[in-house]
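Okay, so here's the structure we're looking at.
All ligand and atom numbering here is 1-based and tracks the order in the structure. Residue numbers run from 1 in the order of the sequence given.
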Amino acid sequence: MTRWDKECLEMIAHETEKVIIVEGLSDKRKIEEILNEDVTIICTNGTLSINRFDELLDMYNLDENDVYIFVDEDKSGLRLRKQLAKELPHAEHIYISKDYREVATTPYKILASLLVAKHFTVRPFYLQYN
Ligand code: MG
């Protein structure tokens with residue numbers, strides 16, 4: 001194997017993936033339904049202990065990957081967002097409007113447009129569907 005081959009293989013191995021961090025399983029399911037591409041979605045079920053965070057950091061290579069934080073606009077969501085923002089300064093933030101406050105109560109159409117704004121591919125149907 002040439003040095004060039006090795007470098008190519010390393011590049012492939014280190015290709016960044018998209019990872020979305022959400023709070024609950026219902027959020028994950030709803031976003032999965034809308035997306036038309038392979039994205040890893042992690043549920044935190046609330047703020048994370050340092051150990052749990054480090055586990056996720058390793059498991060999903062969060063320092064290298066493109067991380068998106070998509071949590072509720074309520075007290076526990078804000079607390080989690082603050083924690084994640086501190087640990088993952090490169091992460092992108094997706095915000096739910098205060099009118100809906102939760103991913104669960106936000107219409108599909110609006111969630112789809114928030115994802116499109118961050119260059120995710122969505123099923124076009126959801127851009128119309130409430
Ligand atoms: Mg909530």
Side-chain angles (χ1 to χ4, degrees):
M1 202 187 298
T2 66
R3 194 197 141 130
W4 188 81
D5 286 334
K6 275 186 196 155
E7 277 176 13
C8 281
L9 282 176
E10 261 170 43
M11 271 172 67
I12 292 165
H14 290 133
E15 198 177 328
T16 61
E17 284 167 33
K18 293 179 181 177
V19 179
I20 302 179
I21 301 178
V22 301
E23 294 183 80
L25 190 57
S26 60
D27 303 335
K28 173 177 168 153
R29 296 233 168 96
K30 200 169 179 185
I31 292 166
E32 253 170 6
E33 210 180 320
I34 297 169
L35 287 173
N36 205 10
E37 62 176 302
D38 267 340
V39 176
T40 301
I41 305 177
I42 307 174
C43 298
T44 64
N45 301 306
T47 44
L48 299 159
S49 66
I50 291 169
N51 286 345
R52 180 69 184 134
F53 177 78
D54 285 345
E55 241 175 65
L56 295 176
L57 191 71
D58 283 350
M59 199 182 312
Y60 298 101
N61 197 15
L62 298 180
D63 279 334
E64 304 287 327
N65 280 329
D66 296 330
V67 179
Y68 298 83
I69 300 168
F70 203 172
V71 297
D72 291 348
E73 200 62 24
D74 60 14
K75 214 170 155 188
S76 52
L78 293 174
R79 201 181 305 132
L80 176 62
R81 190 187 287 286
K82 208 172 148 189
Q83 180 192 26
L84 293 170
K86 202 172 130 199
E87 303 289 348
L88 303 167
H90 69 295
E92 293 233 24
H93 291 262
I94 306 176
Y95 296 96
I96 293 290
S97 94
K98 290 206 168 72
D99 298 340
Y100 298 110
R101 292 184 63 236
E102 298 179 347
V103 174
T105 51
T106 302
Y108 279 88
K109 191 162 68 176
I110 291 173
L111 294 177
S113 66
L114 290 170
L115 290 163
V116 166
K118 293 291 180 183
H119 312 290
F120 285 93
T121 308
V122 303
R123 297 192 165 88
F125 169 76
Y126 286 107
L127 290 167
Q128 294 138 36
Y129 182 78
N130 277 311

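Within 6.0 Å of CZ on R29 lie no more than 12 heavy atoms contributed by other residues, nucleotides or ligands.
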Under the criterion side-chain contact (heavy atoms from CB on, under 4.5 Å), I'd like the reasoning laid out for Y126 against L115: C-alpha separation, chi angles, the key distance, then a yes or no.
CA-CA 11 Å; Y126 286 107; L115 290 163; over 6 Å; no

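Counting only residues at least two apart or on different chains, no salt bridge (charged side-chain N to carboxylate O under 4.0 Å, His left out) pair has a member in residues 71-87. Sorted by first and then second residue, the side-chain hydrogen bond (donor to acceptor under 3.5 Å, both in side chains) pairs involving residues 35-51 (not counting sequence neighbours) are K18-E37. Applying the salt bridge (charged side-chain N to carboxylate O under 4.0 Å, His left out) test to residues at least two apart or on different chains, the pairs with a partner in residues 45-55 are R52-E55.
Each protein N/O/S atom under 2.8 Å from the Mg ion (ligand 1) was counted, for a total of 2.
Residues Y60 and V67 form no side-chain contact, since every pair of their non-hydrogen atoms from C-beta on lies 4.5 Å or further apart.
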